[in-house]
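Single-structure report; data block below.
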Amino acid sequence: MDFVNKNFSNFFRTLIPIAIFFVLCYLFITLVPVIIIAGISIWLVSYLIKKIKLWKSNIKWGKSKADVEIVDEIQGDFPQGEIIDVEFREVK
């Protein structure tokens with residue numbers, strides 16, 4: 001009877017890891033789409049909440065794109081005024 005137990009033990013040693021592998025594959029296939037959809041849903045809800053808050057704050061304060069003044073001022077390297085040359089000495 002000793003030989004029966006040895007084969008039985010080897011059978012379970014190979015069967016249990018294979019069964020665990022298949023169970024993990026099944027869980028991966030069934031849970032990953034749910035996690036992806038939940039993540040996209042959470043992102044979409046937070047995005048919509050931010051946009052609604054921004055929209056409400058613009059209405060509350062009366063801001064619109066027509067109220068924004070567009071300034072086309074070209075600034076060069078130097079100011080338009082007089083350039084003053086200053087001499088200095090190095091302090092040690």
Side-chain angles (χ1 to χ4, degrees):
M1 286 292 190
D2 201 24
F3 66 92
V4 173
N5 290 335
K6 286 183 181 180
N7 289 338
F8 193 67
S9 176
N10 288 339
F11 177 71
F12 276 119
R13 285 185 185 171
T14 57
L15 183 66
I16 290 176
I18 293 172
I20 291 173
F21 176 74
F22 282 119
V23 168
L24 290 176
C25 288
Y26 174 75
L27 290 175
F28 181 77
I29 290 171
T30 57
L31 291 179
V32 168
V34 173
I35 292 171
I36 291 172
I37 291 173
I40 291 172
S41 301
I42 290 170
W43 176 80
L44 185 63
V45 167
S46 67
Y47 180 78
L48 289 175
I49 288 173
K50 287 179 187 177
K51 288 297 182 182
I52 290 171
K53 284 182 180 180
L54 181 65
W55 179 66
K56 283 184 179 181
S57 69
N58 283 344
I59 289 174
K60 183 178 179 182
W61 295 102
K63 297 178 186 174
S64 67
K65 289 186 179 181
D67 294 340
V68 177
E69 180 183 346
I70 299 174
V71 178
D72 291 332
E73 184 177 318
I74 300 173
Q75 294 187 6
D77 292 332
F78 300 107
Q80 298 298 329
E82 191 177 311
I83 298 174
I84 301 172
D85 187 21
V86 179
E87 293 183 20
F88 65 94
R89 63 181 183 163
E90 189 174 328
V91 178
K92 290 184 181 183

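Note that the structure is predicted; figures quoted are calculated from it, not measured. FYI, the numbering just counts along the sequence from 1.
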Worksheet entry | For Ile40, the option from Ile36, Ile37, Ile42 that meets side-chain contact (heavy atoms from CB on, under 4.5 Å) | Ile36

Item to complete: State the CD1-CZ distance between Ile35 and Phe28, to the nearest 0.5 angstrom.
Response: 9.0 Å

Practice prompt. Would you mind telling me which of Ile18, Val23, Ile16 makes a side-chain contact (heavy atoms from CB on, under 4.5 Å) with Ile20?
Written response: Ile16

Worksheet item: To the nearest 0.5 Å, how far apart are CG in Leu31 and CG in Leu24?
Response: 10.5 Å

Item to complete: For Tyr47, check ring-ring contact (aromatic ring centres under 6.0 Å, His included) against everything at least two apart and list the hits.
Response: Trp43

